[in-house]
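Everything below concerns the one structure shown next.
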Amino acid sequence: MEVAEEIEIAIVGGGICGLATALALHRKGLRSVVLERSESLRAAGAGITIRTNGWRALDELGVASKLRQNAMPLQGARDICLNSGKQREIPLGGGETRCLKRMDLITALAESLPRGTIRLGCQALSVGLDSSTSSPSLHLQNGSSIKAKVLIGCDGTNSVVADFLDLKPSKLFSLSEVRGFTMYPSGHNFGNQFVQVKGDKGTVGRIPIHNKLVYWFVTQKVMYGRGGLEVPKDPELIRQLTLEAIKDFPSEMTDMISKSDTESLSNTRLRYRSPWDILVGNFRKGSVTVAGDAMHTMGPFLGQGGSAGIEDSIVIARCLAQKLAENYDKKSRARHTMMMKVEEALDKYVKERRMRLVLLSTQTYLAGLLQQDSGLIVKFVCIILMTALFSDMTRHTRYDCGCL
């Protein structure tokens with residue numbers, strides 16, 4: 001019988017949150033191993049918007065300065081109604097907002113980690129508890145298993161770690177989003193503004209990354225076919241269907257999508273975890289917890305999904321380091337005492353993050369309902385709740401997750 005490998009801290013998932021968590025732990029002197037199912041680091045989604053709170057967290061991780069070199073700061077945002085032509089300013093909330101290539105962020109995080117931290121091709125199938133020690137055990141697709149003192153699930157919306165915690169599955173908006181990059185070798189003339197055009201059939205958004213590259217997205221209602229919901233995956237089919245859906249939009253928008261980088265194109269159903277599930281969810285069992293999309297997947301409407309995951313990484317590393325330091329100060333390394341401290345640290349992490357995530361997920365959920373076919377009454381209620389709960393629409397950008 002194969003003996004399970006023992007690891008101090010195992011992180012499932014090598015996306016933004018998983019790598020950020022490993023780096024935050026490394027900055028606090030705690031070693032971890034990141035288990036990524038793919039054979040290479042993944043960067044699905046093309047671009048990612050980072051607001052002021054996210055840059056504050058990236059500064060704590062020590063990678064913000066490098067990332068700023070390839071991403072221009074946004075100086076404004078406009079919302080344009082296709083039918084009426086009316087425009088309105090979208091508040092960015094002051095501070096710093098930039099759009100990054102997701103791969104640049106992944107690379108910066110990965111290159112800052114000690115060699116050997118990331119293990120590729122390690123797909124987790126299930127999580128259990130060791131019968132003798134009650135430590136979490138992770139069963140991998142290759143037949144091997146890992147025992148960890150701490151297990152952190154950063155494995156996205158279909159998380160095996162979230163399943164172990166008995167969290168309710170994420171839910172689907174009746175929206176999909178096509179994303180891509182377009183390169184302008186001679187430079188574009190879009191300035192440094194985020195622009196989105198809203199029509200009856202969807203919304204087209206354009207965000208400059210630097211003076212030659214723009215990130216764009218098209219949010220639209222999901223398509224129905226004979227087989228049910230259809231979300232195409234073939235890049236050329238995605239392009240053709242997207243161009244057909246936005247044929248009445250301004251030519252600079254359709255030209256941008258026509259000339260986009262084929263390899264960057266993706267089409268994703270938008271998902272969310274209900275605010276009430278985040279409010280009451282059990283995010284810790286023993287020394288197992290979750291972070292990032294595995295904990296709080298949300299729509300892209302606030303540009304906070306990635307930043308919230310980076311905030312998670314700062315808080316969980318800080319809590320673990322504080323509690324483990326208390327243990328060392330008492331010069332007690334008994335396993336029972338150690339595990340009690342780990343559980344206390346994870347409880348502190350969950351408590352600190354919960355209300356921040358409830359508010360973020362509520363605001364995002366309401367914004368999503370307003371974009372899909374929710375009915376006039378539902379939309380009216382959403383507007384009332386938005387006005388009552390989030391009169392300061394950009395308050396979420398000024399949140400400070402604290403220092404490492």
Side-chain angles (χ1 to χ4, degrees), residues 15-17 19-20 41-59 61 63-80 90-112 177-197 203-219 235 238-239 242 246 249-250 252-268 300-310 397:
I16 291 170
C17 183
L19 296 176
L41 290 176
R42 50 197 167 90
I48 179 170
T49 301
I50 304 293
R51 313 294 291 268
T52 303
N53 55 295
W55 285 107
R56 188 177 289 118
L58 289 172
D59 276 322
L61 293 177
V63 297
S65 297
K66 181 179 180 180
L67 291 168
R68 288 185 177 104
Q69 296 173 15
N70 294 313
M72 66 168 60
L74 298 182
Q75 297 299 325
R78 284 183 296 133
D79 189 277
I80 303 172
I90 304 174
L92 292 178
E96 181 178 13
T97 300
R98 302 173 193 250
C99 184
L100 295 171
K101 290 180 68 176
R102 187 176 291 261
M103 196 64 222
D104 286 350
L105 177 53
I106 291 284
T107 300
L109 294 169
E111 289 180 348
S112 300
E177 189 163 274
V178 178
R179 299 158 178 162
F181 289 129
T182 302
M183 177 67 76
Y184 295 83
S186 300
H188 58 73
N189 61 353
F190 303 140
N192 53 2
Q193 273 203 337
F194 163 49
V195 174
Q196 65 177 13
V197 181
T203 299
V204 180
R206 182 189 67 214
I207 312 175
I209 293 179
H210 51 70
N211 61 0
K212 293 184 178 181
L213 182 67
V214 296
Y215 166 61
W216 57 263
F217 61 85
V218 179
T219 305
I238 290 173
R239 192 200 310 272
T242 304
I246 66 163
F249 279 66
E252 67 177 23
M253 294 292 186
T254 55
D255 288 345
M256 174 180 68
I257 294 170
S258 296
K259 297 173 183 177
S260 58
D261 174 18
T262 304
E263 292 185 359
S264 72
L265 296 177
S266 65
N267 193 359
T268 308
F301 315 111
L302 299 185
Q304 284 287 12
S307 293
I310 300 168
T397 69

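A quick note: this is a predicted structure, and the numbers were derived from the prediction, not measured.
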Relative to each other, are the rings of H188 and Y184 parallel, tilted or perpendicular (30° and 60° limits)? perpendicular

Could you check if a side-chain atom of [X] sits within less than 4.5 angstrom of a side-chain atom of [Y], using non-hydrogen atoms only?
X    : Y    : answer
P300 : T49  : no
T254 : I246 : yes
M72  : P208 : yes
I209 : V214 : no
E111 : K66  : yes
L41  : M103 : yes
K101 : L213 : yes

List in chain and number order the residues that pass salt bridge (charged side-chain N to carboxylate O under 4.0 Å, His left out) with R206, two or more places apart in sequence or in another chain; answer none if no residue qualifies. E252

Please give me the minimum heavy-atom distance between [X] and [Y], naming the atom from each residue.
X    : Y    : value
P250 : V197 : CD-CG1, 4.3 Å
G180 : L265 : CA-CD2, 4.2 Å
N53  : S307 : ND2-CB, 3.7 Å
Q196 : I90  : NE2-CD1, 3.9 Å
C17  : G309 : SG-O, 3.5 Å
G47  : R102 : O-NH2, 3.9 Å

Option among L105, I106, V63 that satisfies the side-chain contact (heavy atoms from CB on, under 4.5 Å) test with L19: I106

Going by side-chain contact (heavy atoms from CB on, under 4.5 Å), W216 matches just one of V204, I207, V178. Which one? V178

Nearest 0.5 Å, please: how far is [atom2] in [Y] from [atom1] in [X]?
X    : Y    : atom1 : atom2 : value
D104 : I48  : CG    : CD1   : 11.5 Å
R98  : T52  : CZ    : OG1   : 10.5 Å
F181 : M256 : CZ    : CE    : 12.5 Å
N192 : C99  : CG    : SG    : 13.0 Å
L100 : N70  : CG    : CG    : 9.0 Å
I238 : R179 : CD1   : CZ    : 11.5 Å

Look at the side chain of [X] and the backbone N and O of [Y], then say whether any donor-acceptor pair between them is shorter than 3.5 Å.
X    : Y    : value
R239 : S258 : yes
S264 : D261 : yes
W55  : A64  : no

Looking at E96 and R51, is there a salt bridge between them, counting it only when a charged N and a carboxylate O are closer than 4.0 Å? no

Without hydrogens or angle criteria, can the side chains of E177 and T268 be said to hold a donor-acceptor pair below 3.5 Å? no

What residues, two or more places apart in sequence or in another chain, satisfy ring-ring contact (aromatic ring centres under 6.0 Å, His included) together with F194? none

Checking side-chain contact (heavy atoms from CB on, under 4.5 Å) for the pair Q193/Q75: CA distance, chi angles, key distance, verdict? CA-CA 6 Å; Q193 273 203 337; Q75 297 299 325; 5.7 Å; no

Taking it one step at a time, do L92 and T397 satisfy side-chain contact (heavy atoms from CB on, under 4.5 Å)? CA-CA 8 Å; L92 292 178; T397 69; over 6 Å; no

